[in-house]
Every structure is written in structure tokens, then in C-alpha cells.
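Notes follow the structure.
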Amino acid sequence: MIPVWAQVTYLGAAACFVLALKGLSSPKTARAGNLLGAGAALVAMVVTFIVYELDNLALIVAAIAVGCLIGVPVARRVAMTAMPQLVALFNGVGGGAAGLVAYLEMSSAPTVFPLAAAVATVAVGSIAFSGSVVTFLKLQELMTTRPVTPPAGPALFAISLAVTVALGAALYADDGAGVWLGALLGAVGLIVGILFVLPVGGADVPIVISLLNAFTGLAVAASGYVIGNALLLIGGTLVGASGTILTRLMAQAMGRSVVSILFGAFKGGSTAG
Amino acid sequence: MDPSIALLTVFVLAIFTGYEVVSKVSSTLHTPLMSGANAIHGIILVGAVVVTGHADGAGEVTIGLIAVVLATLNLVGGFVVTDRMLEMFSGKRPPADTEVAAGKGTE
């Protein structure tokens with residue numbers, strides 16, 4: 001159990017995240033809101049290093065340094081026009097990280113609820129990862145921006161989704177057993193993510209990025225539940241909820257409905273819906 | 001209260017908070033808000049650091065370290081890119097939504 005002062009600090013950081021989102025909702029306060037969020041994240045990281053008795057400390061610090069050395073220059077130098085796809089990429093790696101964290105915790109989940117949350121996180125995290133990579137490729141025009149409907153796409157999507165659920169259920173029933181089952185679940189999740197985004201046309205991609213952003217938020221929240229960390233739970237849930245409503249607002253601003261964006265390309269002989 | 005119920009309570013209340021807090025955003029801020037929210041879920045870095053710090057064996061440590069690198073990219077890169085996006089709001093009239101989404105100017 002981590003000390004009370006650390007838990008209170010985490011709570012403060014979570015409150016700052018709420019204020020950061022609030023600030024980002026208005027032009028005058030947006031920049032301050034973003035900085036507040038960054039500051040809260042920094043404080044939370046320092047507290048984490050102090051209160052958890054961590055092994056592999058040198059390696060962890062080195063890994064963070066690598067992340068900063070790649071992330072900061074890329075984020076600073078990217079052209080204004082390329083920002084949406086960079087956000088998509090950052091969102092994807094976040095989803096991937098959440099999936100990996102849950103995967104590592106799967107074998108040590110004490111009861112069925114955390115195990116179920118871990119299984120869901122592996123699936124959703126890998127969907128967010130591969131989906132975001134496809135949105136990046138589309139916006140960067142490394143692949144066609146037109147909707148791609150693979151032959152039998154809807155059927156393939158439905159089957160992959162069913163396999164994901166079945167694998168999740170198998171893991172849940174056979175608790176603690178399946179390291180390989182977990183890896184398989186992640187792999188099928190990656191396929192689902194690709195099939196999910198392929199049919200979306202170029203102009204609608206930002207809306208799907210927002211939706212995947214909400215997915216990653218939920219994955220982070222679930223992994224916070226698994227490791228019993230309230231900050232991850234609150235931060236992830238905030239993004240999950242605000243990302244969902246933001247997706248709807250963005251679709252409305254373009255005069256589109258989310259359903260028609262996601263399934264528009266499936267129209268005609270579709271089994272989806 | 002049972003700890004797992006306490007966490008569930010927090011989860012449900014956070015859903016409503018997240019919903020309410022962005023429900024009145026102007027359309028010029030859709031993209032920066034998405035980017036800022038994206039940076040916030042980079043806080044998964046806390047989780048990645050904790051599980052890596054308690055990992056056993058080279059395989060688990062390797063997976064954990066990959067998660068740490070990915071989460072750092074999300075957290076640090078996310079906040080930096082959001083700040084750059086918002087630079088163009090400072091002092092000037094907010095540009096139209098399409099300009100924000102597509103970037104300013106034609107390069």
C-alpha cells in the first residue's frame with residue numbers, strides 16, 4: 001500500500017487533469033490548461049519514483065530518457081499540417097503501453113474483476129494501437145486516403161471481434177493460465193483495429209482518431225483498476241468520457257453521424273449493424 | 001466500502017465529470033482538446049514504471065521497458081505538441097476550425 005500523502009498527491013494531480021480539460025475547452029485558458037496538465041503529470045511521476053520501491057531503476061530512467069529524446073524533438077519540429085497524424089501516433093503508442101502494462105499484470109491479477117479488466121485492456125489497447133497506426137498512415141498519405149473495404153471486410157471484422165471476445169472469455173475462465181493466450185488476444189486485437197479503421201475515408205479520419213483516443217483512455221482507466229492506482233483510473237476515465245463526447249461534437253460539426261462514418265464504406269451487402 | 005467498489009464509484013463519477021467538462025467546447029478547439037486529452041492518458045507512464053519496477057525476468061522487464069518508452073512518447077510528446085498547437089491561439093483571433101484541423105497556411 002502506498003502512503004497516504006502520495007495518494008493525496010495523486011488525487012491532486014487527478015483534480016488538475018479535470019481543470020486542464022476545463023481550461024482546454026476555452027480559447028483564453030487553453031494553453032494554461034495544457035501546462036497545468038503537464039505539471040500535474042510531472043508531479044505524479046516524481047511521487048511514483050519516491051513511493052514505489054522500484055527495481056530496474058536505471059533501465060527505467062534510461063527508457064524515459066529515450067522516450068523524451070524521440071518525443072520532444074518530433075513534437076517540436078513537426079509541421080503544423082502534420083500535427084493531427086502525430087497526435088494519432090502518440091495516441092496509438094499510449095494504447096500500446098496500456099495493453100502491455102495490463103498484459104504484464106494479467107498473470108498476477110488476484111481476483112476475477114482485475115483479471116477481466118486486464119483482459120479488456122489488452123484487447124482495447126491493441127485495437128487503439130493498430131487503429132491509430134492506420135490513421136497515421138492515411139493522414140501522412142503513406143497509404144490511400146480513400147475508404148478501403150477488404151473483400152468480406154464486415155464478415156472478417158465480425159469474426160475477429162468474436163475471436164477477441166472468445167479469447168477474452170477463455171482467459172477469464174482459466175485465470176492466471178494463459179500468457180500465450182494473452183499474446184494471442186493482443187494479436188487479434190491488432191487485426192480488429194486495422195479492420196476498424198480501413199473503411200474510414202480521409203476526411204473523417206480525425207473523428208476516428210478522437211474515438212480511438214477515447215478507447216485508449218478507457219484502456220488506461222482499466223489498467224489503473226488492475227494495478228489499483230486511482231490516478232490512472234481517473235485520468236483514463238476522464239479521457240474516455242470526454243473523448244466520446246468530443247467525437248460526437250466533431251461529427252456534428254461536420255454534419256455527419258459517427259455511425260455513418262464508421263460503417264459508411266460497408267454499405268451495400270453489409271452485415272454490420 | 002469495499003476497495004473495488006470504491007474504485008468503481010470513482011470510475012462512474014469520473015465519467016460524468018469528463019462528459020460535463022468538455023460539453024461546451026467551441027469547435028475551434030476540437031483538435032487541441034483532443035490532443036490535450038491524448039496527452040493526459042499518457043499518465044499510463046505511471047503504470048508502466050510501476051510494473052517494470054516489479055517485473056521478474058528479462059522477458060517481463062523488456063516488455064515493461066517498451067511500455068515505458070511508448071508511454072513517455074505519449075505523455076511528453078502529447079503535451080509538447082498540444083502546446084505548439086495552442087501557440088497560434090495566443091494574441092490572435094482564433095482561426096477557423098478547418099485551419100486548425102489542417103494546420104495553418106499551406107506550407
Side-chain angles (χ1 to χ4, degrees), chain A residues 17-18 21-22 24-25 27 30-31 34 37-38 41 44 48 52 54-56 59-60 63-64 66-68 71-72 75 80-81 83 86-87 90-91 93-94 96-98 100-101 104-105 113 206 210 213 216-217 220 223 225 227 232-239 241-243 245-246 250 253, chain B residues 4 7 10-11 14-15 17-19 21-23 25 27 29-30 32-44 46-53 60-61 63-83 85-86 89-90 94 101-104 107:
Chain A
F17 283 162
V18 176
L21 283 176
K22 185 83 191 156
L24 280 163
S25 310
R31 208 165 173 195
N34 183 53
T48 303
Y52 285 95
L54 300 169
D55 303 329
N56 315 315
L59 287 172
I60 293 173
I64 291 178
V66 169
C68 290
V72 174
M80 290 290 182
T81 47
M83 278 180 179
L86 189 65
V87 172
F90 285 151
N91 174 50
V93 294
L100 291 176
V101 167
L104 286 179
E105 284 296 293
F113 281 118
S210 176
N213 192 31
T216 307
V220 170
S223 62
Y225 181 73
I227 65 172
L232 293 193
L233 182 70
I234 297 174
T237 310
L238 283 174
V239 178
S242 63
I245 182 80
L246 184 61
M250 286 170 84
Chain B
S4 67
L7 283 177
V10 169
F11 174 68
I15 290 176
T17 311
Y19 185 92
V21 99
V22 302
S23 56
V25 60
S27 62
L29 279 166
H30 281 169
L33 179 61
M34 175 174 81
S35 181
N38 166 57
I40 286 175
H41 68 51
I43 198 66
I44 185 63
V46 169
V49 166
V50 170
V51 296
T52 311
E60 283 198 1
V61 172
I63 295 175
L65 289 173
I66 293 171
V68 170
V69 173
L70 295 181
T72 307
L73 277 173
N74 185 184
L75 185 70
V76 178
F79 280 119
V80 172
V81 82
T82 309
D83 191 58
M85 236 180 244
L86 291 168
F89 282 86
S90 56
K104 223 176 162 189
E107 263 196 293

In terms of heavy-atom proximity below 4.5 Å to chain B, should A:Leu59 be classed as side chain, backbone, both, or neither?
-> both

Report yes or no: does B:Asn38 contribute a side-chain atom to a donor-acceptor pair with the main-chain N or O of A:Asn91 at less than 3.5 Å?
-> yes

Are B:Met85 and A:Asn34 side-chain neighbours, meaning at least one heavy-atom pair lies under 4.5 Å?
-> no

In terms of heavy-atom pairs under 4.5 Å with chain A, which of B:Gly36, B:Gly47, B:Gly78, B:Ala71 leads?
-> B:Gly47

Given that the side chain runs from C-beta out, which part of A:Phe113 has a heavy atom under 4.5 Å from chain B: side chain, backbone, both or neither?
-> neither

Sub-4.5 Å side-chain heavy-atom contact between A:Leu24 and B:Leu86 = yes

Which residue out of B:Val80, B:Ile43, B:Val68 racks up the most heavy-atom pairs below 4.5 Å with chain A?
-> B:Ile43

Side chain, backbone, both or neither: which part of A:Leu233 has an atom under 4.5 Å from a heavy atom of chain B?
-> side chain

Relative to chain B, which of A:Ser210, A:Ala97, A:Gly71 shows the most heavy atom pairs under 4.5 Å?
-> A:Ala97

For the side chain of B:Asp83 and the backbone of A:Arg31, is there at least one donor-acceptor N/O pair under 3.5 Å apart?
-> no

With A:Ile227, which residues qualify under side chain to side chain contact (heavy atoms under 4.5 Å, CB included), at least two apart?
-> A:Glu105, A:Asn229, A:Leu232, B:Val51

Side chains of B:Leu29 and A:Ser25: closer than 4.5 Å at any heavy-atom pair?
-> no

Largest heavy-atom contact set with chain A, pairs under 4.5 Å, which of B:Leu70, B:Val22, B:Val25, B:Thr17 = B:Leu70

Under a 4.5 Å cut-off applied to non-hydrogen side-chain atoms, are A:Asn56 and B:Leu65 in contact?
-> no

Indicate yes or no: at least one non-hydrogen side-chain atom of B:Val49 is less than 4.5 angstrom from one of A:Tyr52.
-> no

